[in-house]
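Okay, structure first, notes after.
Just so it is clear, the values below take in all heavy atoms, side chains as well, and ignore hydrogens, waters and symmetry mates. Numbering of ligands and ligand atoms starts at 1, following listing order. What you are looking at is a predicted structure, and each value in this text was computed from that prediction instead of being measured.
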Amino acid sequence: MAAEQRNPFKIVQGQIRQAVEALGLEPSVYEIMKQPLRFLEVAVPVKMDDGSVRVFQGYRSQHNDAVGPCKGGVRFHPDVYADEVKALSVWMTIKCAVLGLPYGGGKGGVACNPKELSKGELERLSRSYIRAISQIVGPEKDIPAPDVYTNAQIMAWMTDEYSQISQKNQFGIVTGKPIIIGGSLGRNEATARGCVITIREAAKKLGIEIRGARTVVQGFGNAGSIAAKLMHDMGAKVIAVNDTKGGAYNPNGMDPDALMKHKAETSSVVNFPGSTPISNRDLLALECEVLIPAALENQLTSENAADVKAKIVGEAANGPTTPEADETLFKNGVFVIPDVLANAGGVTVSYFEWVQNLMNFYWTEEEVNSKLERMMISAFNAVYEMHKRKNVKMRDAAYLVAVERVANAMRVRGWLG
Ligand code: NAD
């Protein structure tokens with residue numbers, strides 16, 4: 001297990017090195033991409049409700065802006081640390097490049113426990129953080145977004161603070177905003193929608209019928225519950241779901257809307273009428289066509305990957321599969337759609353939000369969804385073709401597609417010598 005809990009920054013550096021070597025690119029591509037081009041550490045002072053001042057540690061990492069401004073979320077979590085933020089910013093470069101978005105990767109974070117802060121303290125923290133990084137972010141430079149424990153309200157405070165500093169409204173400074181100040185329709189469902197589109201495309205390639213496909217969702221939260229609903233809407237059978245409190249299993253299928261209602265009323269999917277309880281371990285090992293890990297990182301490990309019987313794993317979560325588990329799944333013929341492709345619908349609609357902000361012209365939900373559909377299909381096909389051409393895992397193929405695109409941009413810009 002120890003090897004599976006390595007430093008995420010070291011892991012992603014290894015992934016970039018592998019891709020550069022497999023593509024036969026100039027060594028300078030690795031030298032530039034192995035670290036962020038810019039990394040800022042900031043003190044984030046906050047006046048607390050009791051009159052004292054606490055200073056939190058904040059970060060913003062800008063990995064690579066060869067194809068466009070940096071883009072990536074801000075995490076408020078006690079465990080935020082520099083190497084994690086750096087690694088997450090590299091993964092954002094990969095994710096944006098896989099989708100062909102005109103963005104490089106960015107990521108930010110503040111080491112804090114938002115659950116211990118009052119609403120006023122959280123607002124002052126959000127404003128203090130964006131002030132501290134204001135010189136390096138901006139609609140043409142780096143555009144933050146929500147991530148773990150940050151949300152649309154926090155984005156609204158950051159938008160307001162940055163607009164005050166700039167002395168004009170700057171709705172393009174962050175994405176994931178409330179609709180009334182430039183948020184995009186369809187943003188909430190985008191991650192799950194993108195994931196389900198990639199699962200549908202994979203099923204077509206593998207000759208699996210989505211109608212009736214047994215679907216298992218680990219983590220019935222925002223991404224997981226909407227993914228379950230969209231799979232159900234396509235005719236799939238949602239046979240098991242779970243959350244931190246336990247799981248619900250019904251081989252005849254469950255209605256995701258009713259599950260959402262049950263969860264809203266009881267705070268868990270456990271004891272959903274007609275279901276039997278199921279442990280997390282058993283859920284991951286169920287006979288099914290589709291498994292959607294939508295909880296946290298490191299869920300499929302060397303300890304349970306050999307038990308997975310799904311034909312397709314669609315990674316709605318970030319980093320749910322350890323590299324060791326990935327190898328096992330590949331050997332066992334499980335088709336894994338990697339996170340950098342499967343959950344990129346979120347950043348894609350963030351991109352649409354930013355485009356709408358810059359144009360000051362807003363799209364209908366149908367327009368957003370149809371543009372998302374087009375981009376997800378085209379990204380899926382690019383990765384699938386690379387997977388076939390180089391005979392590598394879909395994850396490795398995604399890195400090859402992404403690194404090649406970023407390298408091409410750096411080369412034409414004259415960065416590679
Ligand atoms: P969320 O908090 O709404 O949902 C997570 C769910 O997982 C919760 O229901 C929680 O109870 C459950 N869970 C946590 N640990 C579990 C475990 N060990 N076993 C079973 N269930 C467990 O979060 P979310 O926004 O849906 O994000 C889920 C994942 O998707 C994360 O990895 C996130 O990084 C990724 N993601 C989300 C978005 C987005 O737009 N929401 C975008 C990209 C990636």
Side-chain angles (χ1 to χ4, degrees), residues 8 71-77 79-80 84 87-88 91-92 94-96 98-99 101 105 107 109 114-115 145-152 155 175-177 183-184 186-196 198 216-230 240-249 256 259-260 262-264 266-270 272 277-286 291-301 303-304 313-321 337-353 372 376:
K71 182 91 193 81
V74 178
R75 183 170 285 203
F76 285 178
H77 193 279
D79 299 337
V80 162
E84 180 192 57
L88 291 165
W91 278 313
M92 283 306 296
I94 301 297
K95 202 180 280 193
C96 292
V98 167
L99 263 291
L101 306 179
K107 202 79 183 190
K115 291 182 180 167
D147 192 67
V148 176
Y149 293 153
T150 52
N151 55 27
M155 295 305 113
T175 58
K177 300 179 295 289
S184 180
R187 173 67 185 80
N188 253 356
E189 303 79 34
T191 301
R193 186 174 293 280
C195 180
V196 166
T198 62
V216 171
V217 179
Q218 186 207 31
F220 199 74
N222 178 37
S225 62
I226 300 171
K229 180 174 165 45
L230 295 172
V241 301
N242 72 354
D243 54 39
T244 45
K245 298 194 173 132
Y249 170 59
L259 271 164
M260 285 185 208
H262 180 77
K263 177 154 186 177
T266 66
S267 84
S268 172
V269 296
V270 175
F272 178 66
I278 184 164
S279 71
N280 187 47
R281 188 169 184 120
D282 290 348
L283 174 134
L284 294 174
L286 278 173
L291 169 62
I292 305 179
L296 297 177
E297 59 279 3
N298 299 332
Q299 293 302 303
L300 295 169
T301 66
E303 282 168 18
N304 59 18
V313 171
E315 294 184 340
N318 279 313
T321 310
I337 311 168
D339 48 6
V340 289
L341 170 62
N343 71 30
V347 67
T348 303
V349 175
S350 269
Y351 163 58
F352 296 163
E353 178 177 334
L372 173 64
M376 292 304 306

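Not a single ring-ring contact (aromatic ring centres under 6.0 Å, His included) links Phe76 to another residue, sequence neighbours left out.
With salt bridges taken as basic N to acidic carboxylate O contacts below 4.0 Å, one links Glu84 and Arg75.
Of the possible donor and acceptor atoms, one in the side chain of Glu353 sits under 3.5 Å from a partner among the backbone N and O of Lys177.
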> side-chain hydrogen bond (donor to acceptor under 3.5 Å, both in side chains) between Glu315 and Asn343: does it pass, once the steps are laid out?
Replying inline: CA-CA 7 Å; Glu315 294 184 340; Asn343 71 30; over 6 Å; no
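For NZ of Lys229, the number of neighbouring non-hydrogen atoms (other residues, nucleotides, ligands) closer than 6.0 Å is 12 at most.
The minimum heavy-atom distance linking Val347 with Lys71 is given by the pair CG2-CG, 4.0 Å.
The immediate protein surroundings of ligand 1, defined as residues with any heavy atom under 4.0 Å of it, consist of Arg187, Thr191, Gln218, Gly219, Phe220, Gly221, Asn222, Ala223, Asn242, Asp243, Thr244, Lys263, Asn280, Ala294, Ala295, Leu296, Gln299, Ala316, Ala317, Asn318, Asn343.
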